[in-house]
Novice: 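Have a look at this one before I ask anything.
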Amino acid sequence: MTARFGQYAKYLILLLFSFLMLYPVFLMISSSFKSNLEILTSPLGLPHSFSFENYVLVWEKVSFGSYVWNSVYVSALSVFFILFISSLAAFYLSRFSFRWNPFVLFFFMIGLMLPMKLAILPLYMIMLQLNLLDTLTSLVILYVAGGIPFAVFVFYGFFRTLPTELDQSARLDGCNSFQVYYKIILPLMKPALATVGIVHLIGVWNDFFYPLIFLKSEELSTIPLGVLTLFGEYDTEWNLLFASLTISSLPMIVAFLFASKQFIEGLTSGAIK
Amino acid sequence: MPVLEKTTEIQPKTSKRKRTNWKKHLVHLFLLPALLFYVWFQVYPIFSAFLNSFFEWNGLRRGEFIGLGNFVRLFTEAPFEETFYRALGHNVIFFIGTVLAKLIVAFLLALLINSKIRGKEFFKTVLFLPKLLSVIVVGFLFSLILNPTYGALNTFLRFIGLEELARPWLGDPNTALYTIILVNGWYGLGFAVLIFLAGLQAIPSEIYDAAKMDGASGFTMLMKMTIPLAMPSIMVMTILTFIGAFETFELIFAMQGSQAGPYFSTDVLATFFYRLAFGSVDGGESIGLGSALAVVLFLMISSATAILLFFFKRKEYEQ
Amino acid sequence: MRRVGIWLFSAVLMLILSACSSNTSTSAPGEQNAAQPQQQPAAEEAKKEPVELVMYSWRPEDKDAYGKFITEFEKQHEHIKVKFRSFKSTEYNTILTNSLTSGTGVDIVQLRPYSGATSIADAGYLLPIDDAKGVKDIPQSYLDAARGSDNKVYGVPLSINSAVIFYNKQLFEENNLQPPTTWEELLQVSQALQQKGIVPIAQAGKAAYLLSIAHSVLGPSAYGGEEYVQKLISGEINLTDAAFKESIKRMKDLEPYFPPDFIAIDDKDAQALFYTGKAAMYINGSYRLETFEKQNPGMPIDILPALAKEKGGETPMINWVDGSYGIAKATKHPEEAKLFIEFLASKEFGQLFSDELNRLSAIPGVTPKHPLVQKMTQLSEKSMTSYMMLVHFGEGTPTTKTTFEDSLQGLYINKLTVDQVAEAAQASADKWFKPKK
């Protein structure tokens, strides 16, 4: 009897917390379909009628479309370069035995601990000197640089688990190092690429600090920065605010529902290892 | 273990060494881009921040070398000194509050999910969901929910007749910081649950069976076995929470602005740093002081992380 | 292996070069144009090579209006094109400093008033414009907003802002209330309004700067007008003076007449209280007029200047120059830039500006179209004083103004006493403030 009661209590607690986690997200999405008046008068429940008017308004009023494009551009480029550059480096570190390799690896690992927010002033001055302030390029560079330590760390661990026989037979067939990387290793490392790619995709997509510091022009804003502007300018029009929050979150939520396993694995892998 | 294999790998190249000597060096191009980016945009800026803190600054121009002058000002001159200690206190509260509100709850939830129940995947997915949002979205979303007049929370409290509980959560200096800690807990709870879960799942179930045979109670098993064996994951989360608490910025910036109001009641070191480094609308920024604060914060985070690591490792060996 | 190298190299280069290309493309045409006037100095204006001037502003919301101004200017000077670039107000300072330090990108700069402009001028980033046509006709006190420490003028003041009490005429009439002119009257009126269930003053306190604006309007009831300000800046008295403390105390005394939990509400919420008729008064800069007319076009609004010390006394308008336009020293086209500055100093532009944006122009002889803006001009002519905290106490790290308004917030949440607010502000001023004799 008590065991059964205990079992119910478990579900009750878990369901309660699930509700607490979901409700704010539900509120955000449902409010994005409501009119401003409805949000203010009945904020808690479902909308009386579904209308996409708020989305149209956000799109027209604040050129949200260009924010989305900027975010896509920065995220895609950053993730691509992180994966490419880091996998090359990890390949070098795990497949060659230069005597400095352990030190280089350790050197990269330090990067996992660097609080880069605190180096924001020097970064700012570097970008100023390179004439890159207020460009999307500056963001890509920073995300790539910041993403390297984690990516190298995961890829290195992954390469260590791959047997080297394949490389060797390929070399006997006359493949050079890049061909080994490209033809043998790359196809094998898809799971690791997915893990690292997802982690950085979420990180870059959601990042707000670098755009806040490095982007100045309205038309270059990424979504999180655009949301900030919107909250400054339209902060009495809650319907638009909720719609903008939903637009900025929905891509990740949808992707997550399709591939929750990979997401969870990706985001927790760094911490567990 | 792979050392031997690796040396054999390089063999074919060394045999052709004379003809293709220069080509041999091309292999370093594998490492070069990563190293270049990493050094240029990660390592150098950190060093640079240290260096900058020893100089006087006029706007973005570096002035004279003044040694520890910026640090002395930061620690002794009003109003910086007062702001610093107040912000530091808030960081400490943030850390402790997060441990209480997030880590302990997350550990208990992980225990529940790890027990014999159905729908594990569902709970994992749902709890993790908030982590996919941008921190700034979380901040804004909750500032709408917590709005004193129209927000969902106060509306709800009035609806169920608990009107006296409704308050300006973010506007009252007595509740603002704790409210933000709870929002931060909401955001990171699922992640902590998953880390703990991974730690718990690594514990072999035979150990429990053996203990049950010996007649150990559930509570003793938890204290004597589960917690010690899950220590690595507890360590990871404690350290991550510590770093997170001392770096926290976005949530407070989104909900309370860079002045971290009302009257600095939610001011932490990172918001203080932001104001020093970039000023307010009226100006008043100081790169020298900002850099000095960055260095102090950096040293605090790295030394505390090292101490925590050491502390946990020693515990582990004691087991 | 060679393929790898090329691939990699181009990948890295691509990133770096895409960076560099933006650099070269912006500076190259500028250099060519700079050389142009030397080659054909005697050429007529019409024959001159086309020149593009870039201007920076922190008013994205005025973009359309500037479009019109610039078209007007380009009609007069066909070879000059002006590009208006606006940035978020909160980001503007950093952006401007960057552009000036790196010496690229900007020809015409909008300058923050007073200490903001002085520090940029003193750092040598601006060209003096004393001899530009129209500048000497502008009142000296307005030019003070854009002066360097060398006493030269570096900017054409653009508009005058006034801190005023907006009030809802209808609510006052319905309740048989007279608009207050003194502290006692304000208290009486507020009490009467509150009894009717109307929020007397829609004050927000979440952003601290609103508190110092409110103080600038209410404070004169305790310390009077310009005379007192002069005593402060000459060093005769300081911010811990009894009259100044009294002005702080009055801010606190007014708290019951603010909306509940006013320290937690945003300015937008306060504005909404006012334009929806739930609150009777609202204190802020005159630039809010446009907001109210947009939100509630038919609303019967009127304005009041600062409170008088005693009945029938002076009710000064609290004025300050909002910003001014100067020429970046690094500009490649100083002559064209000067032409544009002279355009900004012309009465024609002033009138256009005032009509288009319902603002008070700093250029003499401009007659505002909007009746309330006209009223502000008339009131200013009768008596005016400066927004003291902004005009005279805008320096320091953090600035004395910031310290003062943050401390006011501390006062409202009972962390500080009236004396402590005054002392905190004075302690901040002590670090940099030099009395001007």
Side-chain angles (χ1 to χ4, degrees), chain B residues 13 20 22-30 32-34 36-37 40 58-61 73 77-80 82-83 143 146-150 167-176 256-265 267 275-286 288-290, chain C residues 1-2 4-5 7-9 11-12 15 58 89-94 97-98 100-102 112 115-116 119-120 123 205-209 259-266 269 389-390 394-403 405-416 424 427-428 431:
Chain B
K13 299 183 132 242
T20 60
W22 65 273
K23 279 194 179 176
K24 199 184 130 249
H25 296 289
L26 275 182
V27 83
H28 299 301
L29 282 176
F30 276 105
L32 192 68
L36 185 77
F37 269 84
W40 194 358
N58 308 307
L60 284 171
R61 278 190 197 163
R73 279 187 74 193
E77 194 179 306
F80 310 119
E82 193 194 342
T83 314
S143 64
L146 296 168
N147 181 291
T149 353
Y150 305 112
R167 64 189 68 235
W169 300 96
L170 295 170
D172 182 339
N174 298 314
T175 54
Q256 308 291 67
S258 61
Q259 294 294 122
Y263 190 58
F264 304 115
S265 58
D267 197 24
R275 287 198 306 275
L276 280 179
F278 297 100
S280 59
V281 188
D282 301 322
E285 66 274 1
S286 162
L289 287 171
Chain C
M1 198 62 224
R2 191 182 297 161
V4 192
W7 216 108
L8 244 175
F9 211 72
V12 175
L15 263 178
W58 67 77
S89 173
T90 46
E91 298 294 324
Y92 183 78
N93 290 14
T94 12
T97 324
N98 296 336
L100 292 174
T101 331
S102 61
R112 295 282 185 193
S115 59
S119 66
I120 291 178
K206 195 166 179 189
Y209 79 92
D261 300 318
F262 86 102
I263 213 81
I265 70 173
D266 284 320
D269 294 333
M389 276 297 152
L390 181 86
E395 286 176 59
T397 308
T399 65
T400 301
K401 174 174 177 282
T402 307
T403 308
E405 55 207 26
D406 285 339
S407 304
L408 280 177
Q409 237 185 10
L411 175 71
Y412 284 115
I413 63 168
N414 299 319
K415 284 262 159 86
L416 298 178
S428 165
K431 283 197 226 164

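Chain A is the first sequence line, chain B the second, and so forth, proteins listed ahead of strands; every chain is numbered from 1.
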Novice: When rounded to the nearest 0.5 angstrom, what distance separates CG in C:D269 from OH in B:Y150?
Specialist: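 So the gap between those two atoms works out to 7.0 Å.
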Novice: Against chain B, label C:A123 side chain, backbone, both or neither, depending on which of its atoms sit under 4.5 Å from a heavy atom there.
Specialist: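 Contact with chain B: backbone only.
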Novice: Nearest 0.5 Å please: distance from the CG atom of C:N414 over to the OH atom of B:Y263.
Specialist: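 Going from CG on C:N414 over to OH on B:Y263, the span is 12.5 Å.
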Novice: Quick one: pull up CD in B:Q259 and CD in C:Q409 and give me the separation to the nearest 0.5 Å.
Specialist: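 So the gap between those two atoms works out to 8.0 Å.
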Novice: Most heavy-atom pairs under 4.5 angstrom with chain C, which of B:P148, B:G171, B:G257?
Specialist: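 Option with the greatest count: B:G171.
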Novice: Heavy-atom distances under 4.5 Å only: say whether C:L411 touches chain B with side chain, backbone, both or neither.
Specialist: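 Neither part.
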Novice: Does any part of the side chain of C:S428, heavy atoms only, come nearer than 4.5 Å to the side chain of B:P79, both counted from C-beta?
Specialist: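 No - every pair of side-chain heavy atoms lies 4.5 Å or more apart.
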Novice: Which atoms of B:N174 come close to chain C, meaning under 4.5 Å heavy atom to heavy atom: side chain ones, backbone ones, both, or neither?
Specialist: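 Neither part.
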Novice: Can you name the nearest heavy-atom pair linking B:P262 to C:I413, along with the distance?
Specialist: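 The pair with the smallest heavy-atom distance is O-CD1, 3.8 Å.
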Novice: Between C:A424, C:A264, C:A207, C:A427, which shows the greatest number of heavy-atom pairs under 4.5 Å with chain B?
Specialist: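 It is C:A264.
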